[in-house]
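Here's the structure we're looking at; comments come further down.
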Amino acid sequence: MWLGCGVTYAWLDAPATAVDQTARELLGWELSANDVTVRISEVEAYSGLGADPASHAHRGVTGRNEVMFGPAGALYVYQIYGMYFCANIVCGEVGAAAAVLLRAGEVTGGLATARQRRPAARRDRDLAAGPGKLMQVLALDRRANASSVVDGTGPATLRPPGRPVLDGDVASGPRVGVTAAHDVPWRFWIAGDASVSAYRRHVPRRAG
DNA sequence: TATTCGATCCAT
DNA sequence: TGGATCGAATAC
């Protein structure tokens with residue numbers, strides 16, 4: 001798809017069935033919002049309706065996941081644990097409800113602002129080393145839900161990497177924190193990147 | 001209407 | 001390892 005400004009977003013036209021490929025492709029892209037830029041270093045793919053029990057969309061449309069069923073390039077933002085926000089980029093055909101969760105990134109612009117927004121981060125590599133931290137650094141919350149990252153109308157803008165991330169530099173493994181589908185290796189990250197979030201296996205709150 | 005619990009983060 | 005904290009989703 002051609003969007004002007006000399007930028008093409010091939011993944012916008014990729015089918016929902018290839019959302020795992022889209023997820024890998026988004027590694028290295030730069031997301032800018034509110035004077036801070038992050039280079040995406042870790043993502044997770046979620047396929048839509050029915051197919052993926054870990055997906056917020058797998059039981060059908062609800063008030064929360066409605067955006068997932070819309071056009072690709074929109075942000076699906078949701079609140080987690082009552083205090084943090086996470087963002088997905090919607091992928092695939094309208095109605096398919098596939099999405100890529102943005103899990104971590106490296107701050108490549110607006111470093112001073114990013115540090116102010118995340119006083120708890122000791123090192124720069126920790127500034128956006130997690131989905132909630134990424135949103136804090138970019139100062140995005142539920143108001144960014146449903147906005148586009150590709151048409152310049154929303155608070156966040158996605159741009160291609162200067163140098164693409166090669167397949168050989170991409171590692172994969174099980175998704176973090178999900179209670180279902182542990183066997184699906186749909187978490188992707190840039191191998192060796194310091195800003196990749198620490199992996200911790202999900203532990204149910206009530207023993208089990 | 002009531003209850004449960006999460007695609008997290010941080011200090012201990 | 002556990003506590004914070006609240007709203008969407010699901011169970012009555």
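FYI, side chains are in, hydrogens and waters are out, and symmetry mates aren't considered; it's all heavy atoms of this structure. Being a predicted model, the structure only gives us computed values, none of them experimental. So you know, we letter chains A, B, ... as the sequences are listed, proteins then strands, and number each from 1.
- Counting to the nearest Å, the P atom of dC9(B) and the CG atom of Leu134(A) are 9 Å from each other.
- One atom, CG of Asp141(A), and another, C1' of dG7(C), lie 15 Å apart when rounded to the nearest Å.
- Candidate nucleotides dT8(B), dA8(C), dC10(B) were compared by shortest atom distance to the side chain of Val176(A), and dT8(B) ranks first.
- Ion pairing between a basic and an acidic side chain is recognised when a charged N comes within 4.0 Å of a carboxylate O; Arg39(A) and Asp193(A) show such pairing.
- A donor atom on one side chain and an acceptor atom on the other are not found under 3.5 Å apart for Glu30(A) and Thr37(A).
- At whole-Å resolution of the value, CZ in Arg175(A) and P in dT8(B) are 12 Å apart.
- The aromatic ring of Tyr81(A) sits over the base of dT8(B), with ring centres less than 5.5 Å apart and planes tilted by under 30°.
- The gap from the P atom of dT5(C) to that of dA2(B) amounts to 23 Å, rounded to the nearest Å.
- Positionally, the nearest nucleotide of DNA chain C for Met83(A) lies more toward the 5' end than for the other of Asn65(A) and Met83(A).
- Tyr78(A) contributes no side-chain N or O that forms a donor-acceptor pair with the base of dA8(C) under 3.5 Å.
- Listed pair Arg64(A) / dA9(C) meets the phosphate criterion, a side-chain N or O lying under 4.0 Å from OP1 or OP2.
- Using N1 to N3 plus N6-O4 or O6-N4 for Watson-Crick, or N1-O2 and O6-N3 for G-U wobble, each under 3.5 Å, dG3(C) pairs with dC9(B).
- Counting only distance, with no hydrogens or angles, the side chain of Asp52(A) and the backbone of Tyr46(A) share no donor-acceptor pair below 3.5 Å.
- Separation of the His56(A) and Tyr78(A) ring centroids falls under the 6.0 Å cut-off.
- The distance from atom CD1 of Ile80(A) to atom P of dT8(B) is 6 Å, rounded to the nearest whole Å.
- For the atom pair Arg24(A) CZ and Trp186(A) CH2, the distance stands at 12.0 Å (nearest 0.5 Å).
- Between the OH atom of Tyr84(A) and the P atom of dG3(C) there is a distance of 15 Å, rounded to whole Å.
- For Arg159(A) and Tyr9(A), the positive end is not near the middle of the six-membered ring at less than 6.0 Å and at most 45° from its axis.
- One interatomic measurement links the two molecules: CZ of Arg123(A) to P of dC10(B), which rounds to 12 Å at whole-angstrom precision.
- Taking atom CD of Gln79(A) as the reference point, atom C1' of dA9(C) lies 14 Å away to the nearest angstrom.
- A salt bridge links Arg115(A) to Asp124(A): at least one charged side-chain nitrogen sits closer than 4.0 Å to a carboxylate oxygen.
- For DNA chain B, the neighbouring residues in residues 112-120 of chain A, judged by any heavy atom under 4.0 Å, are Arg118(A), Ala120(A).
- Here the separation of dA11(C) from dA7(B), taken at their P atoms, is 16 Å to the nearest Å.
- One atom, CD of Glu44(A), and another, C1' of dG6(B), lie 14 Å apart when rounded to the nearest Å.
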